[in-house]
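Worksheet: one structure, shown below.
To find a chain, count down the sequence lines: A is the first, B the second, and so on, and within it residues start at 1.
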Protein chains: 2
Amino acid sequence: MTLPTIEELNLLHATICQAVGDPRRMQILYALHAQSRNVTAISECLDIPQPTVSRHLAVLKNSGLVTAERDGRSVIYRLVDERIIGVADTMRDILRDSLERQSDILE
Amino acid sequence: MTLPTIEELNLLHATICQAVGDPRRMQILYALHAQSRNVTAISECLDIPQPTVSRHLAVLKNSGLVTAERDGRSVIYRLVDERIIGVADTMRDILRDSLERQSDILE
DNA sequence: CTCACATATTCGGATCTGTGAATATGTGAC
DNA sequence: GTCACATATTCACAGATCCGAATATGTGAG
């Protein structure tokens with residue numbers, strides 16, 4: 001893997017990083033990982049207002065991480081690339097180890 | 001891996017995600033991955049003003065991803081957890097595939 | 001102690017992002 | 001067409017973040 005240019009990093013930031021860079025969006029990604037859902041279902045299972053969910057989904061769709069498919073009156077959102085969950089899980093591991101390291105130092 | 005709570009995601013966002021969520025910070029992470037360096041060296045090799053580098057390093061240090069160790073007059077910054085580079089690389093892969101998918105659709 | 005190098009911090013301003021509330025658009029049932 | 005459900009969008013505002021420029025702090029050489 002070659003070193004990324006600043007232009008590539010800018011694009012990465014404008015898409016994938018921005019998508020992952022919000023707690024609620026990550027919550028939505030995990031919810032879609034468990035099961036594809038429509039907006040109302042996401043709104044209810046995460047207890048987030050519907051307009052907020054729609055806005056977050058627009059960001060996720062723009063990043064290419066999810067797709068939208070109309071099904072009758074509702075729109076089903078699907079996670080396109082499951083690797084993003086692996087990314088999130090690894091970040092959680094890193095954070096967990098970092099916190100552990102800090103508490104070790106305090107002792 | 002269990003589902004993250006919104007509290008855990010908030011903490012994750014305030015640390016790891018925030019650290020990765022800036023193009024220049026990611027550039028610094030890659031630079032430190034290649035070799036541990038002091039502030040001036042980073043500033044010069046990435047062509048970023050020194051105060052800006054210092055500020056970004058403070059964020060990265062706060063996230064627990066890098067450590068600072070004084071060595072004489074300079075301070076050497078080191079990447080603590082190399083897994084973050086894997087995370088960044090995977091995100092680049094995801095973006096690349098996403099762009100490819102989009103260009104396929106246009107044809 | 002003084003000077004020069006190395007790093008960190010403060011300040012003001014511009015920009016971005018998320019949110020709730022309200023509203024608009026789209027879709028199917030009847 | 002009309003109504004109800006489903007989703008998307010607009011608006012104003014609050015908060016966060018980034019930056020360049022200037023300045024402050026810290027450290028070692030002499």
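To the nearest 0.5 angstrom, B/Asp89 atom CG is 11.0 Å from B/Ile94 atom CD1. Note: A/Leu3 CG to B/Tyr30 OH = 8.0 Å, rounded to the nearest 0.5 Å.
Taking atom CG of B/Leu60 as the reference point, atom P of C/dT7 lies 16 Å away to the nearest angstrom. In this entry the distance linking CD of B/Glu44 with C1' of C/dC5 reads 12 Å, nearest Å. Rounded to whole Å, the distance from CZ on A/Arg24 to C1' on C/dT19 is 8 Å. One interatomic measurement links the two molecules: CZ of A/Arg37 to C1' of D/dA6, which rounds to 17 Å at whole-angstrom precision. Spacing between atom CG of A/Leu46 and atom C1' of C/dG18 amounts to 16 Å, rounded to whole angstrom units. For B/Asp22 and C/dT15, the CG to P distance is 17 Å, given to the nearest whole Å. Atom CD1 of A/Ile42 and atom P of D/dA6 are 14 Å apart (whole Å). Look at CG on A/Asn62: it is 15 Å from C1' on C/dC16, rounded to the nearest Å.
Contact annotation: B/Asn38 side-chain N/O to C/dA6 OP1/OP2 distance is not under 4.0 Å. For B/His56, no side-chain nitrogen or oxygen approaches OP1 or OP2 of D/dT17 to under 4.0 Å. Taking side-chain N and O atoms only, A/Thr40 has no distance below 4.0 Å to OP1 or OP2 of D/dC5.
Taking the side chain as every heavy atom from C-beta outward, B/Leu29 and B/Leu79 approach each other to under 4.5 Å. Inter-residue side-chain proximity for A/Arg25 and A/Leu65 is flagged as unmet; no heavy-atom pair is nearer than 4.5 Å.
Across the interface with DNA chain C, nearest-nucleotide mapping of A/Gln18 and A/Arg73 shows A/Gln18 to be the residue nearer the 5′ end.
Of all nucleotides listed (C/dG20, C/dT27, D/dC18), D/dC18 comes nearest to the side chain of B/Arg25.
Cluster annotation: B/Ile16 and B/Ile85 are assigned to the same hydrophobic cluster (Ile/Leu/Val/Met/Phe/Trp/Tyr, side-chain heavy-atom contacts under 4.5 Å, transitive). Two different hydrophobic clusters hold B/Met26 and A/Ile6 under the rule that ILVMFWY side chains link at heavy-atom gaps under 4.5 Å.
Under the 3.5 Å distance criterion, the side-chain polar atoms of A/His13 are left unmatched by any main-chain donor or acceptor of B/Asp22. A distance-only check finds no donor-acceptor pair linking the side chain of A/Asn62 to the backbone of A/Ala58 [under 3.5 Å]. Judged purely by atom type and a 3.5 angstrom limit, B/Asn38 uses its side chain to pair as donor or acceptor with the backbone of B/Ala41.
Five base pairs at each end of the helix from C/dC1-D/dG30 to C/dC30-D/dG1 define two local axes, and these are offset by 20° (rounded to 10°).
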Give each protein N/O atom lying under 3.5 Å from an N/O atom of nucleotides 8-11 of chain C, with the pair distance.
{"residue": "C/dA8", "atom": "OP1", "partner": "B/Tyr77", "partner atom": "OH", "Å": "2.6"}
{"residue": "C/dA8", "atom": "OP2", "partner": "B/Ser54", "partner atom": "OG", "Å": "3.0"}
{"residue": "C/dA8", "atom": "N7", "partner": "B/Gln50", "partner atom": "NE2", "Å": "2.8"}
{"residue": "C/dA8", "atom": "N6", "partner": "B/Gln50", "partner atom": "OE1", "Å": "3.4"}
{"residue": "C/dT10", "atom": "O4", "partner": "B/Arg55", "partner atom": "NH1", "Å": "3.0"}

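As judged by a 4.0 angstrom heavy-atom cut-off over every strand, B/His13 is placed among residues making no nucleic acid contact.
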